[in-house]
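Since this is a predicted model, take the numbers as computed values, not measurements. Chain identifiers are assigned alphabetically (A, B, ...) following the order of the sequence lines, protein sequences preceding nucleic acid strands; residue numbering begins at 1 within each chain.
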Amino acid sequence: MGNAIISMKNVVKKFGKETVLNHIDFDIPQGKIIGLIGPSGAGKSTIIKIILGMEKTQQGTATVFGKIMPNRQLLNRIGYMAQTDALYESLTAKENLQFYADMKGVSGQKANRQILHVAEVVELTNDLNKRVSGYSGGMKRRLSLAIAMLGDSEIFILDEPTVGIDPALRRQIWSELHKMRDEGKTLLVTTHVMDEAELVDDVALILGGKLIAYDTPANLKAEYNEDTVENVFLKVEDENEKNVVYR
Amino acid sequence: MKRTWSIAKRVLKELFRDKRTLALMFLAPILILILMKVVFTSNSTTDVNIATVNVQSSLVKQIKKVDHIKVYKYSTQEKANKALKDQKVDGIVHYKNGNFYVKNANTDASKTAATKAALSASMVATNIKELKSTLTAMAAANPQAAAMMQSKSQKTPKIHNTYVYGDKDTSFFDKILPILMGFFVFFFVFLISGMALLKERTTGTLDRLLATPVRRSEIVFGYMISYGLLAIVQTLIIVLFTIYVLKVEVLGSLWNVVIVNVVLAMVALAFGILMSTFAKSEFQMMQFIPIIVIPQVFFSGIIPLDTMAHWVQNIAYILPLKYSGQATTDIVMSGSNLGQIMGPIGALLIFLVVLTILNVLGLKRYRKV
Ligand SMILES: Nc1ncnc2c1ncn2[C@@H]1O[C@H](COP(=O)(O)OP(=O)(O)OP(=O)(O)O)[C@@H](O)[C@H]1O
Ligand SMILES: [Mg+2]
């Protein structure tokens, strides 16, 4: 694919002797939301960390914007939200946002505008001056998402962005993600919530360190003859377990 | 550059909101200093016994008038020396050929000081009495009086001090104070910065930070700026407290003391960051204290180095606190200027550069670029 903005080529990743990613290959075109789904421990976060250049591979490469990661400068064009909230608890939400805006090289009026905008998206406007230590789990999650949205990123890599967020706000966040996609941004989102998998453009199904399927939700449902992505997921998982038993 | 500042600002903000750590950094040293002052000068009111040999009785009488001083007359220097050896007396005042020879046991610096004070005060008192008689003569004839005064002043006896242990600078508290100052800076900056970076690692903020385009060196320098500023404040508090409350004299420039301690703080910071990469928890960080911090106390000069075996002395050369102790001691006690302490400061700077490079490289463990 010529217009791939993120791609993994034959990536093998081992932690010690355990092979976590087993020859992963995929290309993500620009302007799409890709859902990375798979059971716990499948290797979703590891894929994300390799794309960001935070983990080394044993084999194969990850490229972003056509350049091999790790690459420090490219990080300026990527918004990242980690699976675990990494926030400065003794600072206020605003100070956290300000700090990461500085790191992303956004300053002055532009930074202030962006901070207000992302705070609005995650509904934290009224709690901006509260210290993060006084935040609830869901509020922290929202703040992490807001931080990822700072800057002028073209790619957003979000590791379980909606965990611990109530359904109404979750819907709102997804509509914001769609809006970003419509502006030409590319999003890679991992999720455990299967109805969210219906909201993405393409689903990448990871199982035991292997890419089992990469297609649109509609095609997947048709292929496996199921009516929801959740059922596709369960079916694939089931088949895979049988394979293990027969092997 | 902007990122470096931003990181420094953030680290300072976090520190200033942690009231307990702040109190530890700024109040604990003062508390310890007060305690040490009390402990090491508590015996200043004990009695001091002075032996005199061949000293005119008017002066002996005068010395006896001083509080807490007892005077024993000995007929010969030998007998007095024996008394000194047997610890019956704390010092000998020997008058010979128009001069005073004072031999101090000097095992207790405060007793030595008391002996000196008593002797010179008594001499002033006797001199005033003699001056009175001179004044009477002055009334008679002016030119003659002037001549007399001159001949008198030429004959003023000199006091020669000798010491059984140490020298005239020996006051244990005075001696360890400059070293202690460095120790406080080193200890607290090492521990708190190490803990801070460890926390960044364990809470994931370091990983998160490294997922932005920040340079590894910007993180290290950001930490350096913030802890450098903190060390300036800490050193100023300690120095001002020792000068104005504990009334310890600093012969050299106060700012030079601050400069040495800031450089030391940087070394401590770099050390703390480096060590934190080897620790998995706060408790493991604490385990470095007996390995990294305590040995430096032994070699920093609190215990005289020249009494140690040669190979042991050499260990001191790889310990930063030795150099800061040396530099600060020179400033405080001998009034050295910056040029004269370039040696130890240079040594500290070498430590700093090497450790900083190691830290910037060490962060590669968390992001490859
Ligand atoms: N730093 C590490 N050291 C050793 N093993 C690791 C490390 N990080 C991840 N693993 C292993 O790699 C595998 C994949 O982990 P990963 O975090 O990518 O899973 P995941 O798909 O994100 O799971 P979840 O949905 O629970 O977040 C797991 O078996 C995990 O034990
Ligand atoms: Mg994960």
**Q** Examine whether an atom of A:Leu87 lies under 4.5 Å from a heavy atom of chain B, and if so say whether it belongs to the side chain, the backbone or both; otherwise answer neither.
**A**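 Interface part for A:Leu87: backbone (N, CA, C, O).
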**Q** Top residue by heavy-atom pair count (under 4.5 Å) with chain B, among A:Arg131, A:Lys49, A:Glu89?
**A**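 The option with the most such pairs is A:Arg131.
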**Q** Would you please test B:Glu200 and B:Tyr223 for side chain to side chain donor-acceptor pair (under 3.5 Å) and show each step?
**A** CA-CA 12 Å; B:Glu200 285 236 29; B:Tyr223 264 81; 2.8 Å; yes
**Q** Assess the side chains of A:Gln30 and A:Thr186: does a donor N or O sit below 3.5 Å from an acceptor N or O?
**A**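 No, no side-chain donor-acceptor contact under 3.5 Å.
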**Q** State whether A:Phe15 and A:Lys13 meet the cation-pi test: NZ (Lys) or CZ (Arg) under 6.0 Å from the six-membered ring centroid, and within 45° of the perpendicular axis.
**A**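 Yes, a cation-pi geometry holds between A:Lys13 and A:Phe15.
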**Q** Report which part of B:Ser6 has an atom under 4.5 Å of a heavy atom belonging to chain A: side chain, backbone, both, or neither.
**A**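 Both parts, heavy atoms under 4.5 Å.
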**Q** Count the heavy-atom pairs under 4.5 Å between each of A:Arg77, A:Glu95, A:Lys104 and chain B, then report the option with the highest count.
**A**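 Counting heavy-atom pairs under 4.5 Å, the top option is A:Glu95.
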**Q** Parallel, tilted or perpendicular, judged at 30° and 60°: which one describes the rings of A:His178 and A:Trp174?
**A**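 A:His178 and A:Trp174: tilted rings.
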**Q** Non-hydrogen atoms of chain A under 4.5 Å away: do they reach the side chain of B:Leu206, the backbone, both or neither?
**A**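 It is neither, since no heavy atom gets under 4.5 Å.
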**Q** Between B:Glu218, B:Arg10, B:Arg215, which shows the greatest number of heavy-atom pairs under 4.5 Å with chain A?
**A**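 Among the listed options, the one with the most contacts to chain A is B:Arg10.
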**Q** Ignoring hydrogens and angles, state whether a donor on the side chain of A:Thr162 or A:Glu196 is under 3.5 Å from an acceptor on the partner side chain.
**A**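 Yes, side-chain donor-acceptor contact under 3.5 Å.
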**Q** With only heavy atoms counted, which part of A:Asp85 is less than 4.5 Å from chain B, the side chain, the backbone, both or neither?
**A**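 Just its backbone gets close to chain B.
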**Q** What part of B:Asp18 gets within 4.5 angstrom of chain A, counting heavy atoms only: side chain, backbone, both, or neither?
**A**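 Neither part.
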**Q** Report yes or no: do A:Asp159 and A:Thr190 form a side-chain donor-acceptor pair below 3.5 Å?
**A**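 Yes, because at least one side-chain N or O of A:Asp159 sits under 3.5 Å from a partner of the opposite role on A:Thr190.
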